[in-house]
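This report concerns only the one structure given below.
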Amino acid sequence: MYGRGADLILNRRRSWILLTPAVLIVCFVVVLPVLYMLWISFKPSSNHGAYGAGYTVMNYVSLVTNEFYRTVIVRTLVVGVSVSLICLIVGYPVAFHLSRLPAKKQRLFLLLIVAPLYTSIVIRAYAWMVILGRKGIINEALTSFLPIDPIPFMNSPAGVIIGLVYVFLAFMILSIYNVLVSVPAHFEEAALNLGASKFRTFREVTLPLSVPGILAGCILVFVLSMGAFVIPAVLGGPKMSLVPNYIYSSVLNTFNWPLGAAFAFIFLAITGAALYAYSWLTKTKMVVGGGA
Amino acid sequence: MGTNRWLAVWTYGVLVFLLGPFAIILYASFSDSPMIGIPLQDPGFRAYADIFVGHRYVFSLWLSLRVAVVATLAALLLGTAASLVLVRKRHYRLIRLLSALMLAPLTIPLVIIGIALLIMFNRMAVPLHFWTLAAVHVVILLPYVIRTVSASLEHFNPSIEEAALNLGAGPWRTLFEITIPNLRPALITGGMLAFITSFGETVVTVFILPPGKQTLPVDIFNTLVYNFSPSIAAISALVSVLVFAVVWLMSVIFPNLFATGNSS
């Protein structure tokens with residue numbers, strides 16, 4: 001395309017030096033600590049000091065066999081699946097509608113959908129506390145009109161799921177929208193011209209073509225909601241703690257580092273598998289991270 | 001196929017669901033009691049007085065701002081340098097591998113990174129200092145900077161660099177007078193994206209705070225969970241307005257930032 005010595009980087013042998021500071025800092029802050037945690041997860045726990053001598057797989061065994069931990073893992077998986085399904089049902093019509101709007105309106109709507117993602121997760125968690133709390137807006141309104149007791153949204157699965165759907169819905173909408181905008185309009189016109197009803201066109205043309213977006217969105221939301229930490233802590237309380245909250249408390253409160261590390265790795269394996277499926281299904285990558 | 005009215009209604013409903021909570025924060029910030037009903041039982045400005053007169057969040061806000069500024073500048077520097085190599089040399093397999101490594105903080109759950117850092121810093125007696133916190137933030141922000149700058153570099157024709165080099169400009173002069181100015185919109189957007197990300201980061205930060213200090217989001221989190229105060233509504237309202245303003249500004253500079261959702 002262009003000749004030798006064409007640009008600043010390509011033909012300069014030492015230009016890789018520009019990459020080293022970034023690579024080094026990522027290694028020190030992500031790669032090294034995660035590998036160190038993997039090593040610790042094979043150490044026996046100990047009452048004095050961070051871990052005992054020798055190596056063991058007991059941390060992993062106890063996580064899988066212990067009834068209590070299994071409940072937490074299953075609860076986290078169930079929450080992850082429910083949140084993705086609800087996001088799909090709520091988000092699909094929005095993504096579909098958006099992809100049919102004029103370009104200028106699409107941009108405005110996308111901005112409105114994405115903007116909340118940039119506010120701190122603690123602020124969004126607080127907003128839902130005000131809405132769902134025992135003395136929150138919904139309960140105040142309900143109890144002033146109806147002779148009922150306040151509904152306990154908080155510290156219940158409903159609170160956590162509503163909060164997570166709120167936080168991750170935008171990811172679902174974007175994933176499906178990205179696929180739907182690239183479906184050429186004349187595919188649908190052809191079906192309609194050939195006499196298919198609007199519903200049949202949707203069912204047999206649009207919906208099948210949007211399956212990659214649906215799968216990508218579901219996996220993404222599943223992974224993100226399993227990694228959520230702030231929302232379950234604020235809206236769920238101790239009864240609705242998910243895996244990240246247990247990892248947090250076993251490291252910070254009970255100081256059982258090997259167990260917490262093993263828990264983190266089982267968790268990383270589940271999310272890693274889901275993300276691998278995601279990258280296999282789509283080349284889409286998000287600009288927006290999901291620290292929730 | 002046109003789109004029908006029910007879809008439009010549903011979409012507006014979802015927008016209300018997504019944006020409504022911010023209206024509620026604003027509403028709640030004018031209540032003097034933690035009980036938020038309709039209408040407000042006890043309207044007033046106590047929450048704002050707590051902040052502007054009582055300086056309720058002043059220390060955590062100051063720490064957050066310092067971390068965000070330092071980490072954003074460092075991430076812009078490291079991220080831009082890295083992007084130049086990652087984009088121009090992407091036909092090497094090693095470079096593509098490193099590219100994936102740079103984006104790791106987006107794919108590994110942040111809680112895991114936080115816990116792993118806590119364990120390693122503790123075992124290796126790394127002091128939890130302002131600079132430790134800033135360095136960790138740099139890594140969280142790098143993917144955002146690399147994404148925006150790389151996207152811009154993909155559309156950048158290297159032959160203008162060739163022209164400058166052929167006309168006798170040195171490589172540094174070419175970099176600062178040709179390449180960097182061409183990347184300016186990406187650097188501004190990437191910088192703003194990085195800044196608000198660092199400013200709101202909670203999940204990793206909570207594990208690696210310097211002793212006795214907290215950033216604004218962690219301050220809000222602790223106030224929420226342990227000792228509730230109505231001032232939360234006011235600080236949340238102020239920060240949300242600021243963040244929405246920044247996001248709007250980004251969309252003005254880069255109109256297609258969200259339009260494709262991926263390659264921006």
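Letters A, B, ... are given to chains in the order of the sequence lines, protein chains preceding strands, and every chain is numbered from 1.
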Smallest heavy-atom separation, A:I25 atom then B:A135 atom, equals CD1-O, 3.8 Å
Determine yes or no for a side-chain-to-main-chain donor-acceptor pair under 3.5 angstrom, with A:Y118 supplying the side chain and B:F244 the backbone.
no
- Query: Taking side chain as C-beta onward, heavy atoms only, is A:V29 less than 4.5 Å from B:I140?
  - Reply: no
Turns out that what part of A:L169 lies under 4.5 Å from chain B's heavy atoms comes down to side chain
Whatever's closer than 4.5 Å to a heavy atom in chain B on A:L275 counts as side chain
Honestly, the part of A:L98 sitting under 4.5 Å from a heavy atom of chain B is side chain
- Do the side chains of A:P33 and B:I119 get nearer than 4.5 Å, heavy atoms only? no
So, the part of A:L35 with a heavy atom under 4.5 Å from chain B: the answer is neither
The side chain to side chain donor-acceptor pair (under 3.5 Å) partners of A:W39 (sequence neighbours excluded) come to A:Y55
OH of A:Y126 to OG1 of B:T223, rounded to nearest 0.5 Å, is 11.0 Å
So, the part of A:Y248 with a heavy atom under 4.5 Å from chain B: the answer is both
- Is there side-chain contact between B:I112 and A:I247, with heavy atoms separated by less than 4.5 Å? yes
Report task. Check the angle between the aromatic planes of B:F22 and A:Y166 and answer parallel, tilted or perpendicular using the 30° and 60° thresholds. Result -> tilted
- Message: A side-chain contact here means heavy atoms from C-beta on lying under 4.5 Å apart; do A:I17 and B:V85 qualify?
- Response: no
In terms of heavy-atom contacts, B:V14 and A:V94 come closest through CG2-CG2, 3.5 Å
A:L112 meets the side chain to side chain contact (heavy atoms under 4.5 Å, CB included) criterion, sequence neighbours left out, with A:L108, B:L15, B:L19
Value for CG (B:L118) from CE (A:M37), rounded to nearest 0.5 Å, stands at 10.5 Å
Donor-acceptor contact below 3.5 Å, side chain B:W10 vs main chain A:V90: yes
Nearest heavy-atom contact between A:H97 and B:L7 is ND1-CB, 3.8 Å
Honestly, the part of A:I131 sitting under 4.5 Å from a heavy atom of chain B is side chain
Cut-off 4.5 Å, heavy atoms of chain B, and the answer for A:L32 is both
